[in-house]
Amino acid sequence: MRSSRYFLPTLKETPADAQIASHRLMLRAGMIRQGAAGIYSWLPMGLKVLRKIEQIVREEQDAAGAQEVLMPTIQAADLWVESGRYDDYGDEMLRIEDRHGRKMLYGPTNEEMITDIFRKEIKSYRDLPKNLYHIQWKFRDERRPRFGVMRGREFLMKDAYSFDLTAEDGQKSYNAMFVAYLRTFARLGLKAIPMRADTGPIGGDLSHEFIVLAETGESEVFFDKAFDGLDPMVEAAAGADLQPIVDEWTSHYAATDEIHDADNCPVDAGNLITGRGIEVGHIFFFGEKYSKPMNATVQGPDGDTVPVQMGSYGVGVSRLVGAIIEACHDENGIVWPEAVAPFKVGLMNLRAKDEECTAACDKLYQQLTAAGIEVLYDDTDTGAGAKFANMDLIGLPYQLAVGPRGLKNGVVEVKDRKSGEKLELTPEEAIAKLTA
RNA sequence: CGGGGAGUAGCGCAGUCUGGUAGCGCACUACACUGGGGGUGUAGGGGUCGCAGGUUCAAAUCCUGUCUCUCCGACCA
């Protein structure tokens, strides 16, 4: 993509409303623009990152045996009356009426709807287990939206729902999601710690929050050093027993500051790590909480009709964009992990008016693009300093700077955004390095 | 929801107390210079001062109402 054609409105100055790093940087890097409190438009580069995160989440859900569906954003209130949550949910639910005066709502989550879909079709234990998920916009009318997309009112969420005959089977479904989450966050370039959690309004007995570590995270977290030794990229054969893995990850101490009690902490100070984190995922097993009131039942092998055992599993996809930036930035801007970077390489023509320089850049752009590398090519006729600053701000993993000075000696400069390491290479070497 | 703060050009702000031709920096347009870390100059364009009432010869400024945004706190993917 050429910068001269790309819609990438970066800002030199920081908008006054943005307090935290990710919000500031997303606005400055031209990723989002605010529509109303907690509601944002996603501009091309922001959307590109959002889609990449979404895709990784999707791949791991699919790999874990979940199947993608897509439920609507607008739901009829009836189902919520049936589950008893229409009154319980309170002002966080955006309630609307259609032209016929029918009560509707913009979905804050989808337990009721998925349960309704399930109960209408599934009648036998032979059809279990099932895990259905979707990635859809949700709306929760937060009292105080803040931190940009980290706590917006409208947000993109992956939510999966598992259905099993027994609680034991439900635990297996839970474990599959647990492992999928470990892998998902690791692939996104994050360090995530599962923590035992309150179940809140979703309800249920078994629940873990996944907290990604970021120095500027919203809450303080405490966890056993032992987590550092665990490998989140769990490889497990289909149908394998995941319980030992889950046990290992849940056997070590981890708690947010709300729960942590320094005086009674089971981990001695030498092994306790204190950090800050952001909640990006939350998984629940809640058994019959919705299946019972909503009559989502199947016939078991013995002929008895029983409520199905359910769990739900959320990932804050849009929040992850902010969380990744919180975990990956420096004073100059964003430092994207390669897996979610909007482009891998930022190619800078340092002297757009110089024909040789432009020819060299055009060629590099063509070669890299042909090799399947996503390149943002700054072909504009602006000062070199502005280009470097802008590239640092948007945080592409590699910068490829091409100017007359280097070309005279047959070299271009490749900079690693994260380490800051700069290499002078021939164009051929640069291509080889960037396509490796 | 409790307590603060703010709405003036795309962004950041001054002007409001003490009413009198709406300003500054950045960004933008044109031209020239410059050219490896947000460069320089000259000349420009852009604002019903959040909205609605009121007071006044005259309102960004005073009064009333209203909307929105935002910060801290309590709650959440």
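Within every chain, numbering begins at 1; the chains are lettered A, B, ... in the order of the sequence lines, protein sequences first and strands thereafter. Excluded from the calculations below are hydrogen atoms, water molecules and symmetry mates; all remaining heavy atoms, backbone and side chain alike, are included.
- At a threshold of 4.0 angstrom between heavy atoms, the contacts of A/Gly403 include nucleobase atoms, whether or not backbone atoms are also involved.
- If you check B/C75, B/C11, B/C69 against the side chain of A/Arg143, the one that comes closest is B/C75.
- Heavy atoms of A/Lys353 sit under 4.0 angstrom from at least one base atom.
- At B/C75, none of the side-chain N or O atoms of A/Arg144 fall inside 4.0 Å of OP1 or OP2 (strictly under the cut-off).
- Judged by atom type and distance alone, A/Asp381 reaches the base of B/G35 through a side-chain donor-acceptor pair under 3.5 Å.
- Distances were taken from every side-chain heavy atom of A/Leu393 (C-beta onward) to each of B/C69, B/G38, B/G36; the shortest belongs to B/G38.
- A/Trp249 and A/Phe178 have their aromatic ring centers separated by at least 6.0 angstrom.
- Close placement of the A/Phe284 and A/His282 rings is indicated, their centers lying within 6.0 Å of each other.
- Residue A/Ala389 is classed as a base contact, given a heavy-atom separation below 4.0 Å to a base.
- With distances taken from any side-chain atom of A/Lys12 to the nucleotides B/A77, B/C69, B/G38, the minimum falls on B/G38.
- For A/Met157, counting side-chain heavy atoms from C-beta on, the closest listed nucleotide (B/A74, B/A77, B/U34) is B/A77.
- When heavy atoms are screened at a 4.0 angstrom cut-off, A/Thr14 is found touching the sugar-phosphate backbone but no base atom.
- In this structure, the nucleotide among B/C11, B/C76, B/U70 sitting nearest to the side chain of A/Arg319 is B/C76.
- The phosphate of B/G36 (OP1 or OP2) has a side-chain N or O of A/Arg405 nearer than 4.0 angstrom.
- For A/Arg146, counting side-chain heavy atoms from C-beta on, the closest listed nucleotide (B/A77, B/G36, B/C72) is B/C72.
- Nearest nucleotide to the A/Arg351 side chain, out of B/G35, B/C69, B/A77: B/G35.
- Of the candidate nucleotides B/C75, B/C69, B/A77, B/C69 has the atom nearest to the side chain of A/Gln34.
- Nucleic acid contact class of A/Gln19 (heavy atoms, under 4.0 Å, all strands): sugar-phosphate only.
- Of all heavy-atom pairs spanning A/Leu434 and A/Lys344, the tightest one is O-NZ, 2.8 Å.
- Taking only distance into account, the side chain of A/Arg28 never meets the base of B/C11 through a donor-acceptor pair shorter than 3.5 Å.
- Considering only side-chain atoms of A/Glu13, the nucleotide from B/G25, B/C69, B/A77 that sits closest is B/G25.
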* To do: Please lay out, stage by stage, how A/His260 and A/Tyr253 fare under the test side-chain hydrogen bond (donor to acceptor under 3.5 Å, both in side chains).
  => CA-CA 10 Å; A/His260 181 68; A/Tyr253 183 78; 2.8 Å; yes
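- What you find for A/Gly403 and A/Cys357 is that their closest heavy atoms are CA-SG, 3.8 Å.
- Only the P atoms considered, B/G15 is 15 Å distant from B/C24, to the nearest whole Å.
- Note on A/Gly152: a base of the nucleic acid sits closer than 4.0 angstrom, heavy atoms only.
- Between A/Tyr365 and A/Tyr377, the ring planes are tilted. Angles from 30° to 60° get that label.
- Using a 4.0 Å heavy-atom criterion, one finds that A/Glu279 contacts the sugar-phosphate atoms exclusively.
- At the heavy-atom level, A/Val317 lies nowhere under 4.0 Å from the strands shown.
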